[in-house]
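This report concerns only the one structure given below.
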Amino acid sequence: MKNLTRKTLALVLCTILFCAMLPLTGLAEGALTDGYYFYQGDQTGGLPCFFRFNEDGSYYGKFFGGGMTEAGNYVVIDKEMEYALTADENSEKAIATQVIVLTNYATGTTQELAYANDTICDATLGGMSNHITLEHKADYVYVAEVEEMPIAVQTFYYENDTGSSLTLYHDRSFNDFTNAWDEGTWTLNDGVFTLTCEDGVFTLTISENGQTATYVKGDETLELSATTGSELYAYRATVMPAELPMDVDVALKCKADGSCELTVSHIAFGEVVVDQGTWEIANMVFITFNMDVCTYVLRPSQKMGVCQRKKS
């Protein structure tokens, strides 16, 4: 994932705070935000999936039993959109007169969902399962603290140390592992983030290019960076390993000196390096990572890769 510039990041984070101003065109007030839109069936291997829409204009998506998650903002617009009535290849088509437009916090990408008869029609979930119809479970009592895992919007590092990080999350929470561990909530006013926790009220100011930030913690001022060391590229994903009952963020990082590392991070334990080694580009197409545990070949142009575990 490319690092966000300050302007882009500010736009994303401002949206989290102020997107309640976005109009929900043509909808009965509160209808979309009751409960959630749910699917569980053969098309997702029997795993539950849902979209939750909040009154402040934000949304949360949890797919395949939590194996994939996303968050962002949404707006409903009056627009015609054709959709398939079933998952069959030769399915009949219908026309929705409203569309839900999703904007992903982490990637900035948008997705349009056909919205008809209080149903999300012919949706693609997590870029994997297609032609999904999500029914509105308006009576479902949705508790964000139970259903959601915080999704990282931006992470900064102190002294280029992956274990010394400050991360802002979609639910306006933060986790601070710089020098000491703190957690709390954040707000944004006039381009300055105010972070509030048990140890006090801190401020974070991000540079114009989004690559550095100044973090003021009482009498202490820390200069942070959006990358560790001389990192050139970072390929990121959110997954649920079989060994863990929760989503974790995985990053494959390339550095200018030819070294690389595979990290796993979570709000509960910060960021941990699980494999490391070297990387090289072949024929301007393939990137090969030769690491201690695995050899990994990535083709970025097609977003494809092959991982092979080394023999012990």
Side-chain angles (χ1 to χ4, degrees), residues 1-17 71-72 104-108 149-238 247-256 259-274:
M1 181 193 307
K2 295 182 179 179
N3 291 304
L4 300 176
T5 64
R6 181 183 178 188
K7 290 181 179 178
T8 304
L9 177 61
L11 177 60
V12 169
L13 297 175
C14 278
T15 305
I16 301 175
L17 293 172
N104 189 301
Y105 287 148
T107 65
M149 290 295 295
I151 296 176
V153 176
Q154 179 71 32
T155 299
F156 289 96
Y157 303 93
Y158 179 53
E159 294 184 339
N160 297 322
D161 183 358
T162 58
S164 185
S165 61
L166 171 67
T167 302
L168 307 180
Y169 294 93
H170 85 281
D171 59 356
R172 296 189 285 279
S173 66
F174 74 89
N175 234 338
D176 178 11
F177 292 95
T178 61
N179 296 337
W181 178 48
D182 287 301
E183 60 179 351
T185 59
W186 60 263
T187 59
L188 174 62
N189 293 289
D190 297 326
V192 177
F193 297 89
T194 300
L195 283 60
T196 304
C197 60
E198 289 185 358
D199 289 342
V201 178
F202 311 144
T203 61
L204 177 74
T205 305
I206 300 175
S207 66
E208 192 67 31
N209 62 10
Q211 298 304 298
T212 61
T214 300
Y215 188 27
V216 179
K217 304 174 64 174
D219 297 331
E220 187 178 29
T221 299
L222 306 180
E223 297 301 329
L224 310 180
S225 61
T227 59
T228 55
S230 51
E231 179 181 315
L232 294 179
Y233 311 102
Y235 300 94
R236 306 180 189 275
T238 299
D247 288 344
V248 295
D249 294 319
V250 179
L252 191 55
K253 302 177 181 180
C254 309
K255 299 186 178 181
S259 64
C260 63
E261 61 183 20
L262 179 67
T263 66
V264 174
S265 60
H266 187 270
I267 188 173
F269 53 76
E271 188 173 47
V272 178
V273 177
V274 295

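Scope of the values below: all heavy atoms of this structure, side chains included, with no hydrogens, waters or symmetry mates. For this chain, numbers begin at 1 and follow the sequence in order.
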Could you tell me the separation between the [atom1] atom of [X] and the [atom2] atom of [Y], rounded to the nearest 0.5 Å?
| X | Y | atom1 | atom2 | answer |
| --- | --- | --- | --- | --- |
| Ser225 | Tyr157 | OG | OH | 8.5 Å |
| Arg172 | Thr185 | CZ | OG1 | 9.5 Å |
| Leu224 | Asp176 | CG | CG | 8.5 Å |

Please determine whether the number of non-hydrogen atoms from other residues, nucleotides or ligands lying under 6.0 Å from atom CD of Glu220 exceeds 12.
yes
Residue from Thr196, Leu222, Val216, Asp182 passing side chain to side chain contact (heavy atoms under 4.5 Å, CB included) with Phe202:
Asp182
Using the rule side chain to side chain contact (heavy atoms under 4.5 Å, CB included), only one of Asp249, Val250, Val248 pairs with Ser265; which is it?
Asp249
What heavy-atom pair brings [X] and [Y] nearest, and what distance separates the two atoms?
| X | Y | value |
| --- | --- | --- |
| Lys217 | Ala180 | NZ-O, 4.3 Å |
| Cys197 | Phe174 | CB-CZ, 4.0 Å |
| Asp171 | Pro150 | OD2-CG, 3.7 Å |
| Ala213 | Ile206 | CB-CA, 4.0 Å |
| Thr203 | Val192 | CB-CG1, 4.1 Å |
| Met149 | His170 | O-CE1, 3.6 Å |

Checking Tyr158 against Leu166 for the side-chain contact (heavy atoms from CB on, under 4.5 Å) test, could you report, in this order, the C-alpha distance in whole Å, the side-chain angles of both residues, the deciding distance, and whether it holds?
CA-CA 8 Å; Tyr158 179 53; Leu166 171 67; over 6 Å; no
By side-chain hydrogen bond (donor to acceptor under 3.5 Å, both in side chains), which residues pair with Glu183, not counting sequence neighbours?
none
What residues form a side-chain hydrogen bond (donor to acceptor under 3.5 Å, both in side chains) with Thr155, not counting sequence neighbours?
Thr167
Under the side-chain contact (heavy atoms from CB on, under 4.5 Å) criterion, do Tyr215 and Leu195 qualify, and how do the steps go?
CA-CA 10 Å; Tyr215 188 27; Leu195 283 60; 3.8 Å; yes
Test your reading of the model: is there a side-chain donor-acceptor pair from Trp186 to the backbone of Thr194, 3.5 Å cut-off?
no
Should Thr212 and Phe156 be marked as a side-chain contact (heavy atoms from CB on, under 4.5 Å) after you check the CA-CA gap, both sets of side-chain angles, and the distance that decides it?
CA-CA 8 Å; Thr212 61; Phe156 289 96; 5.9 Å; no
